[in-house]
Colleague: 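Sharing a structure with you now.
Computed from heavy atoms alone, side chains included, the values below leave out hydrogens, waters and symmetry copies.
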There are 2 protein chains.
Amino acid sequence: MTSLYRKIAAELRDQISRGALRPGDKLPTEPQLVDSYSVSRNTVRLAVALLVNEGLIVIVPGRNGGMVVRDRVTLTYHASRVEQVDGLVAETDAYMTEVQQQGREPTQTFHLTIEALPAELAERLDVADASSAVVRCCLRFVNGEPTSTQDTYYPKWLADEVPELMSPSDIPQGTTRLLAEKGYPQPAYRDELLTRMPTPDEVRRLELPAGTPIMEYHRTGYLPDGRPIRVTRIVFRGDANRVVYTLGDPTVFMNRESAE
Amino acid sequence: MTSLYRKIAAELRDQISRGALRPGDKLPTEPQLVDSYSVSRNTVRLAVALLVNEGLIVIVPGRNGGMVVRDRVTLTYHASRVEQVDGLVAETDAYMTEVQQQGREPTQTFHLTIEALPAELAERLDVADASSAVVRCCLRFVNGEPTSTQDTYYPKWLADEVPELMSPSDIPQGTTRLLAEKGYPQPAYRDELLTRMPTPDEVRRLELPAGTPIMEYHRTGYLPDGRPIRVTRIVFRGDANRVVYTLGDPTVFMNRESAE
DNA sequence: GACTATTTGTACGTATGTATC
DNA sequence: GGATACATACGTACAAATAGT
């Protein structure tokens, strides 16, 4: 015996998944739903709230507003391609290039701060004291819409040795390459991926509609002796990004491309 | 000019993030909140609904129920360790072993079906027609709680060549190893990771509380000539799993371990 | 098992505010 | 300003779930 509002939500959900309502289409208005189901407005709103929190629709108020079926545009982040130190690819450049290849217009803002290391990240950087760290932040837009934030933390000792890290502007050749040239190569990484609902702060910065989870991505870079020298955290809009790794024998993928 | 229920939610959220309310603690009951904020019950419920959808609390009805601050237990899935074909690790075994090393009790149910390939996956398997495929499904539990589902799809032509794939029971040595022995090695993979809110079906199967996103993981395995021979899809509970890759020179991590 | 107390869930109604065209 | 659509907030009543007597 499911409740009324759940049944209504189920019907609307069905129409969306069947394709009777396609992305961009509008659901009936609240009064129309009240009418056609003969329920109170509150009940309609309960049903609609479910769909919102499932990420199926967004609601825009106002005269020509309404409840609109969401679309899912996916941008691909090739984690195993960025930052080939021995190759010639710089981090941010790689990202920008990749987005362009996917036919979109990437932009980014950038700034640098010095702040205490968040506890979760301190562990990854092997700094016992909650010592300060240099952070290079950027907020990335695709077609003018914010889609991810990226923060990279370097331990203070490293910033002392490589003062260029403190440059308040973007580093054209890429920090990974810069560090390699200064004698701090990163021959190995550890990536972690997790998902969760966004904090209110993330909702604001990424302009997230309700019902949009985020994907949090950490990359820790290590020196040859195993010491970690930086942690990068990217927060992706979940409805607009996916992360891809290609692993194993690279010639296989060359065979694959030539076959196409 | 934020609304009343958002202010209330913000205060409660603060108490959680500050640690005044710790995981397992109960929020005040609805009547208590109605009282202390002097608002209607509906307003309290709106505030609470926000926290639920942010994944911060779960609500249990009944006499000794209440609104409880959620905890986040994280299980690690080492994507770059499973399925070392040349090594000695079988897929499911690897998973089970890993969970055990993390001090928990893994179990799994298993079944096999033959069904049409979902459209998104058909593309990855390079099968133009929506031809049937063999699916090996399993639902995985940790400490008795469902934490992920795994479905692996094989194209029909492969199942014809390797009839063992149709075995309705678990394959002890692991299908990857089995296939390699039969002349179908997988020297390369492509992994895709994305996040979204769960479908009602996933909510049921994984017993997900509201506000829990899921992480969807695809691994496509390729033959040396580039032909794909299987797609595995894992759906992880987002609040209980993270995926880890170690990339690059493996000796670096050996240095790291010896240093500890 | 019956009964009760507590806590959340569902559903109704009404009124007014805010956003957008 | 006026019209339309959703947002917030109040109130009420009864149902369902759970735990203890």
Colleague: Just by distance, no angles: are the side chains of A/Arg72 and A/Thr74 close enough, under 3.5 Å, to form a donor-acceptor pair?
Modeller: no
Colleague: Quick check for you: among D/dA3, C/dA11, C/dT6, whose closest atom lies nearest to any side-chain atom of A/Arg63?
Modeller: D/dA3
Colleague: Any side-chain N or O of B/Asn64 below 4.0 angstrom from OP1/OP2 of D/dG20?
Modeller: yes
Colleague: Counting heavy atoms from C-beta on, name the nucleotide in C/dG9, D/dT8, D/dA9 closest to the side chain of B/Arg6.
Modeller: D/dT8
Colleague: Among the nucleotides D/dC10, D/dG20, D/dT8, which one has an atom lying closest to any side-chain atom of B/Ser40?
Modeller: D/dC10
Colleague: May I ask you to test the A/Pro209-A/Arg237 pair for a side-chain heavy-atom distance under 4.5 Å?
Modeller: yes
Colleague: Could you check which of C/dT10, D/dT8, C/dA11 has an atom nearest any side-chain atom of A/Leu4?
Modeller: C/dA11
Colleague: Side chains of A/Thr175 and A/Tyr154: do they bring a donor and an acceptor to under 3.5 Å?
Modeller: yes
Colleague: When we call it a touch if two heavy atoms are under 4.0 Å apart, what does A/Gly65 touch: a base, just sugar-phosphate, or nothing?
Modeller: nothing
Colleague: When you measure from the side chain of A/Thr43, which nucleotide among C/dT10, D/dA9, C/dA11 comes out closest?
Modeller: C/dA11
Colleague: I'd like to know if A/Asn42 reaches the base of C/dG13 with its side chain, counting only an N/O donor and acceptor under 3.5 Å.
Modeller: yes
Colleague: With respect to the side chain of B/Val39, which nucleotide from D/dA7, C/dT10, D/dC10 is positioned closest?
Modeller: D/dC10
Colleague: Which angle, rounded to 10°, do you find between the first-five-pair axis and the last-five-pair axis of the helix from C/dA2-D/dT21 to C/dC21-D/dG2?
Modeller: 20°
Colleague: State whether B/Arg41 places a side-chain N or O below 4.0 Å from either non-bridging phosphate oxygen (OP1 or OP2) of D/dC10.
Modeller: no
Colleague: Between residues 48-58 of chain A and DNA chain D, which residues have a heavy-atom gap below 4.0 Å?
Modeller: none
